[in-house]
Structure formats: structure tokens, C-alpha cells
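No hydrogens, no waters, no symmetry mates; every other heavy atom, side chains included, goes into these values. What you see is a predicted model, and the numbers here were worked out from it, not measured in a lab. Atoms within a ligand are numbered from 1 in the order they appear, just like the ligands themselves.
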Amino acid sequence: MKIPSFLTAICLAVAATLFVWKLDAQDEAKKLSVLIIDGQNNHKWKETTPVLVDALESCGKFSVEVSTSPGKNAESSAWDSWRPEFGKYDAVLTNYNGQMWPTEVRGSFIEYVKGGGALVVVHAANNSFGMWPEYNEMIGLGGWGGRNEKHGPYVYVKDGEVVRDETPGRGGNHGPQHEFVIEVVDPEHPITKGMPDRWLHAKDELYDMLRGPAKNMTVLATAMSQVTKRQEPMMFTIGYGEGRVFHTPMGHADYSMQCVGFYNTIQRGTEWAITGDVTLPLSENFPTTEAVSSVGAKGAE
Ligand code: ZN
């Protein structure tokens, strides 16, 4: 018996839809999941979180969710119901600089990173929680938030060597924003491998005088501060328990983050924090020593 052609067509269409749907589901399942934390910051987090989401998702490797904390004047009941489930994600990226988290959230955060989680720290997230020792260990270096010599040394690079400077004084400082050159000091690390030795980063705030425990810390790249005249760490990794942390003090504003070099840095830093390796290539339009390269509104190419 001959099957009517329209039935055949419908069957084929359904089969094709199911096939594509299954492929999509497989692709999603293969993606690395990232949870971004925001909700409070002395920076414009409502503008920068979408750029961070795009930086991660545009390369096709990550799926991103955002957990927004209660605001500064929130009732305590709002905090009682904010319980990010860190353990459900391959990585946590913090774009948060604000009030201390509830004890229970802090406990589950420590447990997550210590137990082998992946943490990515961006710009003012390193201003957070100066009085939280475990957080300071995770992030390696931080600024402001009451930080001083009791929190650990200043760390910078001089003549190719990492200097741990115990000089007393406050942690955290910056000069006016400008474009600045990122200098790769560890070209063999998976995150920096293949990057030009020197590349021009888009207009940003160059943090200097960061200080902290700096335990199990590896500096990958620096920038010369016009304030301290030191090579200040701009990309570094920290081992915390079984967890891997990637920290970049870059990323003051949306226009700072929309640097192709920053996109690649976040993508590779996040992949490395999750897997310990990097498969993501650098973008073809990566910045050069002389020229910045911005992703524009459409995301990384
Ligand atoms: Zn800033």
C-alpha cells in the first residue's frame, strides 16, 4: 500500500526535528556550566554581567546562569532565601563586591572550591570580604576592604622574578583609566600559551598594590603601573584545596571587558579552572602590541 506523500513528509519533518533537538541537547550537555554571582558592586554590575555572559557563551564552550544576590537594603528574609547551588556548576565566576554573604552561603562556597570546584575572580570581586580569611586565600590578592600588611604581602614581578613585599601599608590602589600593555610572564601556561608577549588591553583601571596571602599562586601576566612603577599581576592562578582559581584584576567597565584579549582571557581562565587545561584557541583578531581590539556589540569573532 502506498503511503500518502504528505504523511511521509510529516514523518520526515518530525524525525528531523527530533534529530536536531537531540543534537542540541547533546551540545548543551557537553557545555561547561558557569554560575555568575552578582547583585552588589561599586561598579556597574548590571552592565558588566551581560558582557561576562557574552564573553563565555560566544565561544560556544559554556552555558551560563546568573545568581543575583539581594541588594544593599534588602530585608534579612531576602538573604534567607538566597542560596546559590554552587555544586551544580562546573565553575563559579564572581562579579560581586558588597555585603558579607550569610554563614550558610559562605560555608557552601568554601566547601565547593576546596572540594575541587573552579572559581573565577574578576576586578572588584577582589575588593570583597577583606575580613573573610578563606576568601582571601582563594583569591590570592585583594584590595581595599581594610586590607593591610596583616593580610599578606604586596606581590609584583621584577626582572622576571615574583617579589613578595612585606612592606606595611594598605592594599589596593589605581590611577586614572587608560589602555595598557599586558605582559605575559609565563608563556607556557595553558591560559597564556600563544598570546603575544605584549598586547594592548582596552581602556581599564590598572589595579596596583594588591596584597593577600598569595599562597599556591602563579603569576601569568602583568602590566606596568604608572603609579607604583611595578609590574602588577593581571592574570594569576591559585590552588585552594582541590580547587583551581583564576583571577584577573582587569575588567572595570563594559568597555574594558569588550576587549578581545579580555574575552579570550576569561574563556581560557574559566576552562583552565574547570579542567586544568585549555582547548580554546585565541581569536584571530587578538590585540597586538600596538593596537587594541574590541568585540563590539556582537561578541567575539
Ligand atoms: Zn574598577
Trainee: Please determine, by modelled atom types, if D165 and Y156 share a side-chain donor-acceptor pair under 3.5 angstrom.
Mentor: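 There is such a pair (donor and acceptor under 3.5 Å, judged by atom type) between the side chains of D165 and Y156.
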Trainee: Scan side-chain atoms only and decide if N127 and R147 contain a donor-acceptor pair under the 3.5 Å cut-off.
Mentor: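 Note: N127 and R147 side chains miss the donor-acceptor criterion.
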Trainee: For residues F180 and W199, establish whether the separation of their ring centroids is below 6.0 Å.
Mentor: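 No.
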Trainee: Mind checking how many protein N/O/S atoms fall short of 2.8 Å from the Zn ion (ligand 1)?
Mentor: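 Every protein N, O or S atom under 2.8 Å from the Zn ion (ligand 1) counted, the figure is 4.
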Trainee: Quick one: list whatever passes salt bridge (charged side-chain N to carboxylate O under 4.0 Å, His left out) with R164, sequence neighbours left out.
Mentor: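 For R164 there are no salt bridge (charged side-chain N to carboxylate O under 4.0 Å, His left out) partners, ignoring immediate neighbours.
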Trainee: Who are the side chain to side chain contact (heavy atoms under 4.5 Å, CB included) partners of E188, not counting sequence neighbours?
Mentor: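 For E188, the residues satisfying side chain to side chain contact (heavy atoms under 4.5 Å, CB included) (neighbours in sequence not counted) are D186, K193.
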Trainee: Using the test salt bridge (charged side-chain N to carboxylate O under 4.0 Å, His left out), find all partners of K229 that sit at least two apart in sequence or belong to another chain.
Mentor: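 Applying salt bridge (charged side-chain N to carboxylate O under 4.0 Å, His left out) to K229 gives none.
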